[in-house]
Amino acid sequence: MNFKELISKKISDHTNLDECKVFELLEVPPKPELGDFAFPCFLLAKELKKSPAEIATDLTSKIKENFIEKVEAKGPYVNFWIKKEILVKNVLESLEENIVLDKKDKILLESPGPNTNKPLHLGHLRNMLLGVSNKKILNYLGHEVIPVDVVNDRGIHICKSMLAYKLFGNNETPESSGMKGDYFVGKYYVKFAEEVKNNPELEDQAKEMLKLWEEGDEETLDIWKKMRDWCLAGFKESFKNFDVVHEKSYYESETYKAGKEIILNGLENGLFEKDEDGAIIANLEDKGLGKKVLLRADGTSIYITQDIELARQRFEDYNMDRIVYIVGSEQIHHFKVLFEILKMLNFPFADKCHHLAYGMVYLPDGKMKSREGTIVDADNFKSDMVKMAKLEVKERYPDLNDDELNTRADMIASAAVNFFILKYDAHKDFVYDPKQSLSFTGDSGPYIQYTHARICSIQRKANLNPENINYSLLELDSERNLINKLEDFKDIILKSAENYRPSLIANYLLELSQLFNNYYHETQIIIEEKELMNARLFLINKIKYVLNNGLSLLNIKAPEEM
RNA sequence: GAGCCUGUAGCGCAGUCUGGAUAGCGCGAUUGCCUCCUAAGCAAUAGGUCGUGGGUUCGAAUCCCAUCAGGCUCGCCA
């Protein structure tokens with residue numbers, strides 16, 4: 001039953017406005033003492049040549065419905081109260097029903113697209129969290145999500161770490177040095193940056209190495225394969241650590257050449273042009289995007305060359321309805337250009353591409369620089385959080401055994417990290433403040449977990465009888481606030497899926513938790529009056545359901561105890 | 001020079017798409033609350049020219065124009 005529709009119809013009957021217009025205007029008042037719905041009368045004022053307040057009073061006297069408890073004019077607004085029992089029953093009983101969409105899509109999700117020359121850093125972490133969370137949100141609505149990756153495993157930056165290893169590595173391996181593979185490779189990337197300061201000709205040597213690589217020089221390929229595999233093995237561990245799975249990974253080393261043909265065909269067909277230096281370019285000036293080089297003057301391919309091929313290949317592999325690229329916002333222009341070029345090429349998937357751009361993660365000292373080692377990498381960041389969480393748990397519950405301690409610390413640390421990063425709107429830059437991220441109070445993942453654990457604790461002490469709930473007993477303001485909030489749950493999920501915004505869910509769960517904790521303090525749930533207690537137990541069970549499911553969409557576990 | 005993003009309390013943010021009632025939340029500060037379902041909690045107080053200036057509107061943090069500040073980007077990097 002949709003009360004908003006019913007009320008809209010009723011108001012429409014008594015005014016000149018059509019039902020849809022009324023529906024649009026009808027709002028939920030900012031405060032519960034103003035009713036469940038409110039209709040502002042400003043629009044009618046002009047037409048009827050009466051003050052909005054007068055119209056409100058007028059309208060109020062005309063509306064009577066059996067599901068409406070009370071209609072009241074309050075200034076220029078008509079406020080509606082739905083009969084509590086009907087409203088509450090309606091909200092709580094429909095909460096766990098599935099959301100049914102008209103159309104379920106097959107969606108490719110690209111994340112996080114690492115380079116095989118250094119470990120994953122905080123930016124990748126943000127990327128991975130956005131990937132995992134968006135996948136869960138889309139899955140929740142019944143879409144099929146195919147997580148894929150693109151691995152940038154070739155190019156000059158890769159050769160830099162290779163060269164440093166060749167010159168200074170002494171056949172050291174991750175095993176012999178006891179390092180995780182991606183850190184091991186990253187060590188040589190940093191080494192190169194250090195050495196090149198005193199020896200600038202290393203730059204040329206790296207370029208030379210790239211040339212050898214492209215020519216298929218055996219020794220170079222050997223180093224490349226070795227280091228690439230070390231790095232990928234390291235990523236595999238990290239991905240597991242952050243619950244990242246891929247159905248397929250695409251490697252730039254395998255696709256970089258194939259894009260050329262598409263470009264050359266495009267040139268033949270007159271889609272693209274050759275400029276005076278011999279580079280092949282796409283003219284996108286009429287789109288306000290300037291000109292874009294697609295193939296270098298020397299005939300070698302660049303990033304966009306392989307991106308075009310990659311898109312084609314993926315569509316061939318999966319014939320998806322949509323593809324979402326989770327890539328930093330510094331590449332907004334790149335993707336605008338890419339999507340335009342896919343259109344020029346008449347690829348059928350050109351208008352199904354979406355770039356989910358996310359902002360920079362800064363450290364208090366400034367931007368992270370992997371070449372200078374001023375970087376917080378994802379693995380160490382996470383393990384520091386777990387250590388910190390362990391101390392917090394131990395302090396509160398000194399008697400826990402090690403297993404339980406580790407489980408809880410892990411769960412809490414994940415919650416802290418995921419929430420801290422996902423609560424920001426993706427397109428915003430933010431500063432990663434180590435101190436703040438280690439705080440488990442206030443607006444944080446652990447706060448929501450704690451709320452969940454509190455509900456579980458009550459449930460261990462009193463049994464709910466889900467039959468014969470007397471909804472009319474839930475009449476406190478705090479209970480109404482909670483029920484109103486629960487009613488929003490599905491809309492929030494739909495909205496966050498529509499715009500790929502897990503942050504909406506994060507903030508929603510926070511608000512719900514705040515309402516519950518307030519309720520918890522002011523109201524005793526386990527009480528003598530069985531009927532009232534049962535109604536309250538029913539309510540908090542629904543809150544638990546929403547917290548549990550909502551947290552899961554952020555890839556955060558909801559603990560029974562904390 | 002052009003494009004995109006951001007600007008809301010001391011600090012960090014939500015709200016802006018889709019205009020509506022007294023602009024919310026967290027941290028920090030001050031003050032209360034554990035004989036009572038988990039105090040990783042709750043309540044209260046203090047803290048606001050919603051960057052600035054115009055415009056549209058009965059009504060603007062929200063829409064439009066201008067402007068300032070910061071960030072990102074703009075054919076052969078990824």
Side-chain angles (χ1 to χ4, degrees), chain A residues 24-25 27 29-31 34 38 40-43 45-46 51-52 74-77 79 113 115 152 154-157 252 275 277-284 288-298 300-307 327-334 336-337 357 359-360 362 367 389 392-393 395-397 412 423-425 427-431 433 435-436 439-444 446-451 453-462 495 498-499 503-504 506-508 510-511 513-514 517-527 533 536 540 561-562:
Chain A
E24 239 173 74
L25 289 170
E27 58 188 62
K31 291 193 171 168
L34 295 170
C41 298
F42 305 103
L43 199 70
K46 213 180 227 173
S51 79
K74 180 115 183 169
Y77 290 88
N79 293 341
N115 295 329
N152 298 300
R154 64 162 287 275
I156 189 74
H157 54 301
E252 194 188 332
D275 77 356
D277 303 323
I280 298 176
I281 59 165
N283 190 336
L284 299 167
L289 294 169
K291 288 176 177 175
K292 174 71 189 173
V293 169
L294 303 176
L295 217 51
R296 289 193 188 97
D298 64 6
T300 59
S301 71
I302 55 176
Y303 191 47
I304 197 147
T305 324
Q306 57 109 2
D307 253 0
V327 182
S329 52
E330 69 276 9
Q331 294 196 40
I332 288 174
H333 183 260
H334 170 83
K336 275 187 189 162
V337 168
M360 296 280 178
Y362 294 96
K367 197 176 168 178
E392 294 280 330
V393 176
E395 194 185 305
R396 289 178 176 84
Y397 308 99
I412 290 164
K423 73 178 175 181
Y424 294 99
D425 233 18
H427 67 280
K428 286 205 177 191
D429 295 350
F430 73 90
V431 175
D433 180 348
K435 219 168 154 188
Q436 202 193 331
S439 153
F440 296 144
T441 63
D443 104 23
S444 73
Y447 172 82
I448 298 167
Q449 288 183 314
Y450 182 70
T451 310
R454 271 183 153 177
I455 295 175
C456 293
S457 172
I458 296 172
Q459 290 181 333
R460 280 192 293 273
K461 294 181 170 120
K495 213 171 157 185
E498 194 180 333
N499 301 303
S503 65
L504 296 181
N507 284 299
Y508 169 82
L510 206 53
E511 286 161 16
S513 297
Q514 283 163 345
N517 282 320
N518 168 272
Y519 178 56
Y520 177 90
H521 276 273
E522 79 168 24
T523 314
Q524 198 67 23
I525 289 157
I526 300 175
I527 45 173
M533 174 170 86
R536 287 179 175 168
I540 68 166
E561 268 183 281
M562 186 169 155

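Computed over heavy atoms, backbone and side chain alike; hydrogens, waters and symmetry mates excluded. Chain letters run A, B, ... following the sequence lines, proteins first and then strands; every chain starts at 1.
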Can you tell me, in whole Å, how much space there is between the C1' of G10(B) and that of U67(B)?
27 Å
Please determine whether a side-chain nitrogen or oxygen atom of Tyr362(A) lies at a distance below 4.0 Å from atom OP1 or OP2 of G71(B).
no
Atom C1', compared across G32(B) and G19(B): separation rounded to whole Å:
40 Å
N/O donor-acceptor pair, side chain Asp443(A) with base C27(B), under 3.5 angstrom:
no
Taking Val337(A) as the fixed residue, which of Ile304(A), Ile332(A), Asp307(A) is the one that meets the side-chain contact (heavy atoms from CB on, under 4.5 Å) rule?
Ile304(A)
When all nucleic acid strands are considered with a 4.0 Å heavy-atom cut-off, which category describes Ser301(A): base, sugar-phosphate, or nothing?
nothing
Does any nucleotide pair with G53(B) by Watson-Crick or G-U wobble geometry, both distances under 3.5 Å, and what is it?
C65(B)
Compare side-chain N and O positions of Arg396(A) against OP1 and OP2 of A39(B) and report whether any pair is under 4.0 Å apart.
no
Identify the nucleotide, in any strand shown, that forms a Watson-Crick or G-U wobble pair with G32(B), with both distances under 3.5 Å; if there is none, say none.
C42(B)
Separation of atom CD in Glu330(A) from atom P in C72(B), rounded to whole Å:
10 Å
Can you tell me, in whole Å, how much space there is between the P of U18(B) and that of G55(B)?
24 Å
Under 4.0 angstrom, heavy atoms only, what part of the nucleic acid is Tyr397(A) near: base, sugar-phosphate, or nothing?
base
Rounded distance in Å between the P positions of C63(B) and G26(B):
26 Å
On a whole-Å scale, what distance lies between the P atoms belonging to A23(B) and C64(B)?
24 Å
By a 5.5 angstrom centroid cut-off and a 30 degree plane limit, is there stacking between Tyr447(A) and A40(B)?
no
Are side-chain heavy atoms of Thr305(A) and Arg296(A) found at a separation under 4.5 Å?
no
Roughly how far apart, to the nearest Å, are G28(B) and A9(B) at atom C1'?
12 Å
Taking only side-chain N and O atoms of Tyr450(A), does any of them lie within less than 4.0 angstrom of OP1 or OP2 on A40(B)?
yes
Taking atom P in both C17(B) and A60(B), what distance in whole Å separates the two?
14 Å
Find which nucleotide of RNA chain B each of Ala453(A) and Asp429(A) is nearest to by heavy atoms, and output the residue with the more 5' nucleotide.
Ala453(A)
Counting the atoms with a prime plus P, OP1 and OP2 as sugar-phosphate, which does Ile412(A) contact under 4.0 Å by heavy atoms, base, sugar-phosphate, or nothing?
base
Nearest to the side chain of Met360(A), heavy atoms from C-beta on, is which of C5(B), C4(B), C72(B)?
C72(B)
In short, Met562(A) meets Tyr397(A) closest at the heavy-atom pair O-OH, 2.5 Å
Nucleotide nearest Ile458(A) when distance is taken to its side chain, options C17(B), C76(B), C37(B):
C37(B)
Looking only at side-chain atoms of Phe430(A), point me to the closest of C13(B), C5(B), A21(B).
C13(B)
Checking base pairs now: Watson-Crick or wobble, both atom distances under 3.5 Å. What partners C11(B)?
G26(B)
Watson-Crick or G-U wobble partner for C72(B), using a 3.5 Å limit on both distances?
G3(B)
Once you apply a heavy-atom cut-off of 4.0 Å, does Asp277(A) come out as touching a base, just sugar-phosphate, or nothing?
base
For the pair made of CG in Leu294(A) and C1' in C77(B), what is the distance, rounded to whole Å?
15 Å
Would you call Leu510(A) and Lys423(A) a side-chain contact if the rule is heavy atoms closer than 4.5 Å?
no
Check step by step if side-chain contact (heavy atoms from CB on, under 4.5 Å) holds for Arg536(A) and Ile527(A).
CA-CA 10 Å; Arg536(A) 287 179 175 168; Ile527(A) 45 173; 3.9 Å; yes
Would you call Tyr520(A) and Ile540(A) a side-chain contact if the rule is heavy atoms closer than 4.5 Å?
no
If I pick the C1' atom on U62(B) and the same atom on U6(B), what distance separates them, to the nearest angstrom?
16 Å
From the candidates G41(B), C25(B), A78(B), the one with an atom nearest any side-chain atom of Thr441(A) is G41(B)
If you check the Asp275(A) side chain, which of A78(B), C76(B), C17(B) turns out closest?
C76(B)
Using a cut-off of 4.0 Å on non-hydrogen atoms, how would the nucleic acid contact of Gln449(A) be classed: base, sugar-phosphate, or nothing?
nothing
When we call it a touch if two heavy atoms are under 4.0 Å apart, what does Pro76(A) touch: a base, just sugar-phosphate, or nothing?
nothing
Value in whole Å for how far the C1' atom of A14(B) lies from CD of Glu511(A):
8 Å
Using OP1 and OP2 only, check whether a side-chain N or O of Asn518(A) sits under 4.0 Å from A43(B).
yes
Comparing Lys428(A) with Glu252(A), nearest RNA chain B nucleotide closer to 5' gives the residue Lys428(A)
Rounded distance (Å) that lies between atom P of G24(B) and atom CG of Leu510(A)
17 Å
Among C37(B), A78(B), C13(B), the one nearest any side-chain atom of Gln524(A) is C37(B)
What integer distance in Å separates Glu522(A):CD from A44(B):P?
11 Å
Ile332(A), nearest nucleotide to its side chain (from A21(B), A78(B), C4(B)):
C4(B)
Please confirm whether the shortest side-chain N or O distance from Arg454(A) to OP1 or OP2 of A40(B) is below 4.0 Å.
no
Taking the side chain as every heavy atom from C-beta outward, state whether Arg454(A) and Ile458(A) have any atom pair closer than 4.5 Å.
no
Nearest to side-chain heavy atoms of Lys31(A), which nucleotide of C76(B), A21(B), U22(B)
U22(B)
Glycosidic conformation of C4(B), syn or anti, with 90° from 0 as the boundary?
anti
Nucleotide C76(B), atom C1' - distance to CG of Asp298(A) in whole Å:
8 Å
Taking the six-membered ring for Trp, are Tyr77(A) and Phe42(A) parallel (under 30°), tilted (30 to 60°) or perpendicular (over 60°)?
perpendicular
Residues Asn152(A) and His157(A): side-chain donor-acceptor under 3.5 angstrom
no
How many Å lie between NE2 on His333(A) and P on C72(B), as a whole number?
16 Å
Identify whether any heavy atom of Tyr520(A) sits under 4.0 Å from a base atom; if not, whether one sits that close to sugar-phosphate; answer base, sugar-phosphate or nothing.
base
Starting from C1' on C77(B), measure out to NE2 on His334(A) and report it in whole angstrom.
11 Å
Locate the shortest heavy-atom distance separating Ser329(A) from Gly359(A); write the atom from each residue and the value.
OG-CA, 3.7 Å
Contact class for Pro40(A) vs. all strands (heavy atom < 4.0 Å): base, sugar-phosphate, or nothing?
nothing
Are the ring of Tyr77(A) and the base ring of A21(B) both nearer than 5.5 Å at their centres and tilted by less than 30°?
yes
